[in-house]
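Here's the structure, in structure tokens; my notes come after.
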2 protein chains.
Amino acid sequence: MKRTSRDIRTANRYEVLRQIIAESPTSRQELAAATGLSLATVATLVGELLDLHMITEVGFEESAGGRPRGLVAVNASGGALIGVDIAETYVHVELFDLGLNVLARAEEDVRPGESLPEQVVAHVAAAVGSVVTQAGIEGARVLGVGVSVPGQVDRATGISEYAPNWDWHDVPLVDLLSEYIAYPLYLDNPLRAVAVAELWFGAARGSQNAVVVTLGTGVGAGLVLGGGLHRGVSNSAGEWGHNTIVLDGRLCRCGNHGCVETYVGAPGIMLNLRELSPDSELLHPGDQTATIDALARGMLTGDPVAVEVVRHTARYLGASVAHLVNLFNPEVVVLSSWVAAALGEPLVAEVREAVARHALPRPMAATEIVLSPIPTDPACLGAATFALEGALQSVGQRSATKRTTSARSSTHNPR
Amino acid sequence: MKRTSRDIRTANRYEVLRQIIAESPTSRQELAAATGLSLATVATLVGELLDLHMITEVGFEESAGGRPRGLVAVNASGGALIGVDIAETYVHVELFDLGLNVLARAEEDVRPGESLPEQVVAHVAAAVGSVVTQAGIEGARVLGVGVSVPGQVDRATGISEYAPNWDWHDVPLVDLLSEYIAYPLYLDNPLRAVAVAELWFGAARGSQNAVVVTLGTGVGAGLVLGGGLHRGVSNSAGEWGHNTIVLDGRLCRCGNHGCVETYVGAPGIMLNLRELSPDSELLHPGDQTATIDALARGMLTGDPVAVEVVRHTARYLGASVAHLVNLFNPEVVVLSSWVAAALGEPLVAEVREAVARHALPRPMAATEIVLSPIPTDPACLGAATFALEGALQSVGQRSATKRTTSARSSTHNPR
DNA sequence: GGACTTTATAAAGCCCCTTTCCTAACCCCT
DNA sequence: AGGGGTTAGGAAAGGGGCTTTATAAAGTCC
């Protein structure tokens with residue numbers, strides 16, 4: 001809301017760490033060049049991160065006549081981050097080191113009828129416990145746990161205000177989780193998690209304006225505007241999946257007709273296939289993943305039905321993505337999440353063409369449409385990134401009273 | 001791009017002046033409360049504005065035991081601002097005092113076939129000269145001239161990159177105008193002009209997130225995100241009018257089919273009327289203004305055809321505005337420009353209902369949909385506001401070298 | 001006229017970032 | 001081996017901003 005010089009510091013801190021993670025090891029000089037900051041500022045920020053043991057000095061660069069550059073790298077063992085991706089049918093948890101490499105994974109299935117908050121929380125707690133023991137990490141090193149839950153969330157209070165798939169209303173998810181999980185918790189929804197993952201580590205890195213299109217069972221758009229996530233007034237911006245693309249079109253689970261999601265979400269794609277070729281062997285009724293995978297294979301082998309289904313899907317997707325291009329004029333549109341990953345470049349190529357047909361030429365010329373380069377579950381990565389952001393946020397805090405340098409942290413600290 | 005503490009200062013300067021213009025006279029105390037700034041900061045900013053003669057001290061408030069509050073007010077005669085709204089068929093120019101009251105108006109018709117850049121520039125020059133003499137202002141008091149021209153513009157270089165209505169390509173409009181006009185010139189397009197007018201003086205005042213929907217011959221959406229205008233990477237964000245709302249729908253002048261504009265722009269509304277009632281007496285072929293006005297009157301008298309046309313239009317408008325609500329999650333959606341002004345509250349009521357049918361309940365609940373309160377041509381006002389912003393921007397600039405306070409401008413400088 | 005209250009300005013402190021200066025560290029050459 | 005030349009990195013100074021605290025100014029009330 002109110003901007004202060006501290007926000008600049010925080011943004012710079014993010015930027016420097018992001019750069020180090022992206023290119024490790026690196027030198028202060030390179031960081032200054034990459035971020036546009038002065039050498040002095042970079043040096044102090046690097047110093048901060050060294051103090052936090054998030055990075056370490058790892059030797060020197062070869063020199064050709066002059067003092068060699070000191071190199072810093074992510075201190076992979078300096079801490080761990082956990083990302084939790086809660087979805088309709090599963091809970092997926094990954095534990096990352098500070099280089100955002102996956103150290104451990106756990107997955108729990110959420111069966112229909114197990115969707116009470118307490119049940120889901122139990123799954124999450126079990127999976128989190130599992131990854132921590134798997135990785136053999138001492139608890140104190142976990143900097144935080146990011147949790148992505150579908151629907152509308154209030155990140156300040158940690159409440160899941162509304163989760164459409166389970167009809168949750170105002171579930172105090174963070175409170176429930178904190179009974180089992182002692183680490184700092186950060187809550188948001190998958191749209192924003194995926195967007196922040198792309199912003200830090202994916203195709204949106206360095207962009208001031210980007211749109212991250214999530215294509216999964218549900219679909220949505222994470223908005224990166226002015227270098228940061230746009231949340232809207234009640235943290236529900238980006239609900240692109242329920243925009244009407246066909247007036248009086250297919251019935252959507254949201255109750256409306258003709259939503260984008262009903263044509264380009266995984267169930268929508270299955271329906272596209274069924275309408276085109278009702279008894280195609282590509283169709284695996286009731287199994288989205290299998291069907292999408294079959295389509296992907298079909299694309300590669302040139303199966304005409306698969307090609308036609310993807311083209312048909314890309315037609316809707318193109319018109320809808322063109323909306324985003326016209327409205328935001330972004331540098332890049334990233335197609336992310338599992339459907340995009342499965343269908344891959346062939347889909348992107350079709351989408352590019354379709355968008356070009358619908359968008360205005362000028363904004364279109366300024367926009368790249370690319371596939372996400374993130375190989376793992378982007379929602380997990382993004383959730384972990386929220387935890388990383390959280391850990392960095394509290395760095396700048398003044399330490400309590402000024403005369404006595406007493407402790408202000410939650411633990412005792414007899415200095 | 002890169003944020004610095006100076007940007008904070010500029011934003012605060014804007015905010016304080018905005019507040020003074022909105023509520024004049026006012027005290028430093030009130031300003032501090034309204035802006036959330038400390039009294040000291042407000043005092044220095046007020047001091048700056050006093051030095052610029054943009055505001056003046058106008059006495060004191062009644063006191064009940066204590067030093068009375070000094071009151072400041074806009075110094076209406078402290079300068080003048082000119083807004084130029086170039087449209088397909090006319091050039092509209094208004095001269096404002098610093099309270100943004102209209103002191104003089106001029107309008108020139110642009111006939112078909114008069115659309116060469118030189119001809120349009122001549123119209124603008126004539127009208128600008130006219131308002132200056134009408135208002136009896138000495139030239140030195142004009143702080144700047146804002147120019148709104150349709151299409152895509154590069155505000156830094158002052159080039160109209162592309163104007164679809166006249167097929168202009170890369171016309172150096174500011175260079176051409178500066179032959180005739182000695183004041184500082186600021187160029188942008190009407191979408192953004194209208195948005196900035198609403199942001200400073202209209203229904204979006206104080207909002208962090210707002211969408212300003214411009215309904216005229218063309219339509220578009222100005223995006224206010226994080227308290228400032230969102231421009232996109234090539235200054236063409238907000239082209240909502242050419243989003244596809246009906247696949248394979250009506251042919252648009254942009255070459256595509258089914259654009260929003262073709263259903264809710266003035267020509268689109270005429271077409272809606274014609275389709276519904278081909279020989280209605282409401283229809284004035286070839287005259288958009290007359291037709292829209294006739295519809296407005298019809299709404300008031302309960303003419304069933306008019307009611308049905310507006311309802312029909314609101315249906316498309318509702319679905320399209322719902323896109324904006326879902327995507328941005330704004331605090332307020334403002335309907336602005338002449339079609340909205342003409343059809344007024346009855347239109348807004350229909351739109352509210354239609355949007356509610358298409359948007360998700362949560363974002364919808366957080367969003368108000370309102371009519372613009374700006375009585376005059378918002379593009380003119382917005383253009384003038386660009387000039388005002390420009391005048392304020394250059395306040396903070398350091399004056400040249402520090403030892404000798406000599407000039408450092410582009411002119412010769414023998415140091 | 002003094003006491004109390006409220007406003008406005010001045011001073012000091014803190015947080016940023018940058019520029020400048022100086023020392024450290026390394027290469028190469030003599 | 002010992003001096004230049006060159007580049008890195010840190011410390012200090014400087015400029016901009018905002019806030020809190022102290023002080024001066026301008027009223028009202030008794």
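Letters A, B, ... mirror the listed sequences (proteins, then strands); counts begin at 1. Just the heavy atoms: all of them, side chains too, but no hydrogens, waters or symmetry mates, feed the values below. Keep in mind that this is a model prediction, so the values were computed, not measured.
When each of Leu71(A) and Ser5(A) is assigned the nucleotide of DNA chain D with its nearest heavy atom, Leu71(A) is the one assigned upstream, toward the 5' end. Two residues, Arg69(B) and Arg9(A), neighbour DNA chain C, and the one matched to the more 5' nucleotide by heavy-atom proximity is Arg69(B).
Remark: C1' of dT9(C) and CG of Leu45(B) are 15 Å apart, rounded to the nearest angstrom. Here dC16(C) presents its P atom at 17 Å from CG of Asp7(B), a figure rounded to the nearest Å. Between the CD1 atom of Ile8(B) and the C1' atom of dG16(D) there is a distance of 10 Å, given to the nearest Å. Rounded to whole Å, atom C1' of dG27(D) lies 11 Å from atom CD of Glu62(B). Here dC15(C) presents its C1' atom at 13 Å from CG of Asn12(A), a figure rounded to the nearest Å.
Under the 4.5 Å side-chain criterion, counting only non-hydrogen atoms from C-beta, Val147(B) is not in contact with Tyr186(B). Between Pro184(A) and Leu143(A), every side-chain heavy-atom pair lies at or beyond the 4.5 Å cut-off.
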*Nucleotide-resolved protein contact map, nucleotides 25-30 of chain C, B/S/- at heavy-atom distance under 4.0 Å*: BBS---
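Scored by the side-chain hydrogen bond (donor to acceptor under 3.5 Å, both in side chains) test, Asn101(A) finds Asp97(A) as partners (sequence neighbours excluded). For Ser77(A), the side-chain hydrogen bond (donor to acceptor under 3.5 Å, both in side chains) criterion is met by Asn75(A), not counting sequence neighbours. Remark: Ser24(B) engages no residue in a side-chain hydrogen bond (donor to acceptor under 3.5 Å, both in side chains) (not counting sequence neighbours). Annotation: salt bridge (Lys or Arg N to Asp or Glu O under 4.0 Å) contacts of Arg155(B) (sequence neighbours excluded): Asp188(B).
Pairs engaging residues 10-44 of chain B under the ring pair (Phe, Tyr, Trp, His ring centres under 6.0 Å) rule: Tyr14(B)-Trp200(B) [sequence neighbours left out]. Screening residues 52-62 of chain B for side chain to side chain donor-acceptor pair (under 3.5 Å), with sequence neighbours left out, gives no hits. Evaluation of the ring pair (Phe, Tyr, Trp, His ring centres under 6.0 Å) test over residues 19-51 of chain A, restricted to residues two or more places apart or in two chains, returns none.
Taken residue by residue, residues 28-35 of chain B places heavy atoms nearer than 4.0 Å to DNA chain C at Arg28(B), Gln29(B).
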With 3.5 Å as the limit, what N/O pairs link the protein to nucleotides 18-21 of chain C?
unit_1, atom_1, unit_2, atom_2, d
dT18(C), OP2, Ser38(A), N, 3.0
dT18(C), OP2, Ser38(A), OG, 2.9
dT18(C), OP2, Thr41(A), OG1, 2.8

Donor-acceptor pairs under 3.5 angstrom involving side-chain atoms of residues 15-22 of chain B: please list them, not counting sequence neighbours.
unit_1, atom_1, unit_2, atom_2, d
Gln19(B), OE1, Arg205(B), NH2, 3.4

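The minimum heavy-atom distance between Leu229(B) and Ala195(B), with the atom names listed, is CD1-CB, 3.6 Å.
Ion pair Glu389(A)/Arg13(A) not flagged as a salt bridge, since none of the NZ, NE, NH1 or NH2 atoms sits closer than 4.0 Å to an Asp/Glu carboxylate oxygen.
Each end of the helix from dG1(C)-dC30(D) to dT30(C)-dA1(D) gets its own axis, taken as the rotation carrying the C1' atoms of four end pairs onto the next four within a five-pair window, and the two axes meet at 30° to the nearest 10 degrees.
Remark: the backbone N or O of Asn209(A) is not paired with any side-chain donor or acceptor of Ser207(A) at under 3.5 angstrom.
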